[in-house]
> 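To start, I am sharing the structure in question, which I have written as structure tokens.
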Amino acid sequence: MQKIHVAVIGGGYGGIRAVEHLCRHTNITVTLIDQNAYHYMQAEVYDFIANKVDMSHIMIDLPSLLKSFGHVDFVCEEVHNVDATQRSVHTATRTIGYDYLIIATGSRTYFPAFIPGLRDHTHGVKSIPSALDFKQQFERSLLDRIEAQRRGCDVKPFNIVIGGAGLSGVEIAAEMAAYANHFYQNGNFGCRGVDVYLIDAYETILYGMDPFLIRSAHDRLVQLGVHVWHNNRISEVQEKKIILDNGKVLDFEFMIFTGGVCASTLTERLGFPINAKGHLVVNPDLRVDNHPEIFAIGDVAAITDADGKLCPPTAQLAERSAEYAVRTILSRLQGKVQKPFRYQNGGVMIALGGEYGAGLLPGGIRVKGYLAYLIKKAIFWLYTAPLRRRSLIGKRR
């Protein structure tokens, strides 16, 4: 089989899975390009911002991980552009040629421009720096609040607002409420605690998902004391204040926005077809139109299901699409034709604060409570344990 070189842009869930499968073939050399020197497991960020784990729990060193795979070069730089005609990727210092290119740069928080002040006065948690920034500011504010009480000062309400009640919003709201409850109970602090508000424009949280998950998550949020506001659209966000379309005004100490995602900024510089949120438009085989050697996978691509609906941006989608892209490359080298990509959801698990969760397993099996929590943690361990072992091997080389 002919020797080829594959460049992969992005070291997230999809990019790492693509490298892993590509490196099983000795005729393929790989270059991974990422501006960060770590693999970020963003699906577990709620544990980090709620102080259940430290930063090492959600990141793995990329250079040592990639050394364990063998024939992989790592370029820790930001990609400036791609020259599809010359089949090359350009960074600030180098040009990387390729036979095939896999774009896996993921997504970022989408701040709708029609909501004044949203970007300026809210936090996103799609990156480690933004999650760390929120975590540090939150804990500093808690300490200031306790010291103010000691001095006899009036303590104003401490509200945390989560905008958007999809998977990320629900998980963060539940974990923040569980953390706040534990903090005040464990320290026996007498001042008023933290109130968490989950605000969403739809008539239910987790809109469009299985009714069992919706009911289980809603019941758990209520149990934790989360204020769930349905059918409330955000009109404006000011410093420490949110204004809703029905006239409600709510003061807040912090606001996290999880109301949607858009593609990484790279797609705006490539000149390839994109949708309104910057996702690369791909063919049924995940290739960029008119460029059969370029694949886009995971959150950065507008991947649709059999009904033409956009697939949810999950780690599971990133991994499955990465595996498909690699199979398609191998099939082409062998002169074979690959069937179109079809995503089948392998189940969903939701963390709901503390040691509690809810989920749907393959076969329609429903679980909730401590068992669901254990299953979700087991899934995370099964993903991270092999990578950490590989990273340790690579570190020793």
Side-chain angles (χ1 to χ4, degrees), residues 6-25 28 30 32-34 36 38-45 57-60 62 65-66 68-69 72 100-108 126-127 166-168 171 261 263-264 279-280 282 284-287 294-306 309-331 338-351 359-362 375-391:
V6 180
V8 179
I9 307 175
Y13 292 103
I16 291 298
R17 184 55 58 92
V19 170
E20 178 186 3
H21 283 249
L22 287 166
C23 287
R24 295 173 181 174
H25 304 275
I28 299 177
V30 183
L32 178 71
I33 311 154
D34 196 296
N36 298 313
Y38 52 82
H39 170 51
Y40 172 38
M41 289 162 286
Q42 193 267 329
E44 298 293 309
V45 69
H57 183 80
I58 57 171
M59 62 194 305
I60 295 176
L62 267 179
L65 175 62
L66 296 175
S68 72
F69 287 120
V72 182
Y100 289 92
L101 174 66
I102 298 176
I103 303 173
T105 48
S107 60
R108 55 197 168 99
K126 292 288 288 182
S127 69
L167 274 173
S168 295
E171 289 187 325
V261 297
S264 68
H279 300 100
L280 290 167
V282 293
D285 59 2
L286 305 185
R287 302 190 206 198
I294 301 177
F295 295 82
I297 63 173
D299 296 9
V300 78
I303 301 175
T304 57
D305 60 19
K309 297 180 181 179
L310 282 176
C311 296
T314 63
Q316 189 179 154
L317 173 66
E319 292 177 339
R320 298 294 87 77
S321 58
E323 293 163 2
Y324 174 88
V326 174
R327 288 198 305 271
T328 303
I329 291 172
L330 295 172
S331 295
Q338 185 80 348
K339 293 181 180 179
F341 176 71
R342 284 293 175 261
Y343 174 62
Q344 291 186 338
N345 194 325
V348 59
M349 300 300 299
I350 306 174
L360 290 177
L361 300 175
I375 294 172
K376 183 169 177 61
K377 289 304 174 186
I379 293 171
F380 178 69
W381 183 86
L382 289 170
Y383 175 78
T384 57
L387 294 184
R388 294 195 187 281
R389 284 196 297 270
R390 279 190 168 276
S391 180

> Set out, in order, the CA-CA distance, both residues' side-chain angles and the distance that settles side chain to side chain contact (heavy atoms under 4.5 Å, CB included) for His25 and Ile28, then state yes or no.
CA-CA 6 Å; His25 304 275; Ile28 299 177; 3.9 Å; yes
> When rounded to the nearest 0.5 angstrom, what distance separates CD1 in Ile329 from OH in Tyr100?
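Result: 6.5 Å between the selected atoms.
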> Would you say that Ile103 contacts Phe295 through its side chain, given a criterion of any heavy-atom pair below 4.5 Å between the two side chains?
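A side-chain contact under 4.5 Å is absent here.
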> Does the side chain of Ile60 come within less than 4.5 Å of Arg388's, by heavy atoms?
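In contact.
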> Lys309 and Thr304: side-chain donor and acceptor closer than 3.5 Å?
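No - no donor-acceptor pair under 3.5 Å links their side chains.
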> Can you name the nearest heavy-atom pair linking Gln338 to Ser331, along with the distance?
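Of all heavy-atom pairs spanning Gln338 and Ser331, the closest is OE1-OG, 3.1 Å.
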> Between atom OG1 of Thr384 and atom CZ of Arg389, what is the distance when rounded to the nearest 0.5 Å?
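That separation rounds to 9.0 Å.
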> I'd like to know if the side chain of Asp34 reaches the main chain of Asn36, judged simply by a donor and an acceptor atom lying under 3.5 Å from each other, with no hydrogens or angles considered.
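Present.
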> Please examine the side chains of Trp381 and Lys376, heavy atoms only from C-beta on, and report whether any two atoms are closer than 4.5 Å.
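Result no, sub-4.5 Å side-chain heavy-atom pair not found.
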> Please answer whether the main-chain N or O of Ala322 pairs with a side-chain N or O of Arg17 as donor and acceptor at a distance below 3.5 Å.
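Side chain of Arg17 to backbone of Ala322: no pair is present.
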> Is any side-chain heavy atom of Leu387 closer than 4.5 Å to a side-chain heavy atom of Ile16?
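In short, these two side chains touch, coming nearer than 4.5 Å.
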> Side chains of Lys126 and Asp299, heavy atoms from C-beta outward: is any pair under 4.5 Å?
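When only atoms from C-beta onward are counted, Asp299 and Lys126 do touch, with a gap below 4.5 Å.
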> So, do Val348 and Leu361 sit near enough that their side-chain heavy atoms are less than 4.5 Å apart?
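A side-chain contact is absent here, since even the closest heavy-atom pair is not under 4.5 Å.
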> At their closest point, which heavy atom of Tyr343 faces which heavy atom of Thr314, and how far apart are they?
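The pair with the smallest heavy-atom distance is OH-OG1, 3.7 Å.
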> Give a yes or no on whether the backbone of Ala43 and the side-chain of Tyr13 come within a donor-acceptor separation of less than 3.5 Å.
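Looks like yes, one N/O pair under 3.5 Å.
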> Between Gln316 (side chain only) and Gly346 (backbone N and O only), is there a donor and an acceptor less than 3.5 Å apart?
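The answer is yes, because a donor-acceptor pair under 3.5 Å joins these two groups.
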> Does Ile58 offer a backbone N or O that forms a donor-acceptor pair with the side chain of Glu44 under 3.5 Å?
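No, Glu44 side chain to Ile58 backbone: no donor-acceptor pair under 3.5 Å.
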> Are Leu310 and Ile303 close enough, and set up right, to give a side chain to side chain contact (heavy atoms under 4.5 Å, CB included), and what steps lead you there?
CA-CA 6 Å; Leu310 282 176; Ile303 301 175; over 6 Å; no
> Could you grab the distance from atom CG of Leu286 to atom CD1 of Ile294, nearest 0.5 Å is fine?
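Going from CG on Leu286 over to CD1 on Ile294, the span is 13.5 Å.
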> How close do Val8 and Gly15 get, counting heavy atoms only, and between which atoms?
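Answer, listing the atom of Val8 first, then Gly15: CG1-CA, 3.9 Å.
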> For the residue pair Val45 and Tyr40, establish whether any side-chain heavy-atom pair is separated by less than 4.5 Å.
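In short, these two side chains touch, coming nearer than 4.5 Å.
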> Can you give me the closest heavy-atom contact between Ile102 and Ile297, atom names plus distance?
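Scanning both residues, the minimum pair turns out to be CG2-CD1, 3.7 Å.
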> Can you give me the closest heavy-atom contact between Ser264 and Thr105, atom names plus distance?
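Answer, listing the atom of Ser264 first, then Thr105: OG-OG1, 2.7 Å.
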> Of the non-hydrogen atoms in Ala296 and Leu280, which two are nearest, and what is the gap between them?
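Result for this residue pair: CB-CD1, 3.8 Å.
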> Would you give the length of the straight line joining atom CZ of Arg327 to atom NZ of Lys339, rounded to the nearest 0.5 angstrom?
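The NZ atom of Lys339 is 11.0 Å from CZ of Arg327, to the nearest 0.5 Å.
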> Considering only heavy atoms from C-beta outward, does the side chain of Ile350 approach that of Glu171 to under 4.5 Å?
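They are in contact (side-chain heavy atoms under 4.5 Å apart), so the answer is yes.
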> Whether the side chain of His39 engages the backbone of Gly11 through a donor-acceptor N/O pair (distance < 3.5 Å, no angle test) should be reported.
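Confirmed, His39 side chain pairs with Gly11 backbone.
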> Mind checking whether Phe69 and His21 have ring centres under 6.0 Å apart?
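Distance test on ring centres: not under 6.0 Å, no.
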> Before giving the answer on side chain to side chain contact (heavy atoms under 4.5 Å, CB included), spell out for Phe380 and Met41 the whole-Å C-alpha distance, their side-chain angles and the decisive distance to 0.1 Å.
CA-CA 9 Å; Phe380 178 69; Met41 289 162 286; 4.0 Å; yes
> So how far is it from His279 NE2 to Ser107 OG, rounded to the nearest 0.5 Å?
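One finds 6.0 Å between NE2 of His279 and OG of Ser107.
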> Is there a side chain to side chain contact (heavy atoms under 4.5 Å, CB included) between Leu65 and Val19? Walk through the geometry before answering.
CA-CA 11 Å; Leu65 175 62; Val19 170; over 6 Å; no
> If we ignore hydrogens and angles and just use 3.5 Å, is the side chain of Ser321 paired with the main-chain N or O of Gly298 as donor and acceptor?
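Judged by distance alone, yes, a pair lies under 3.5 Å.
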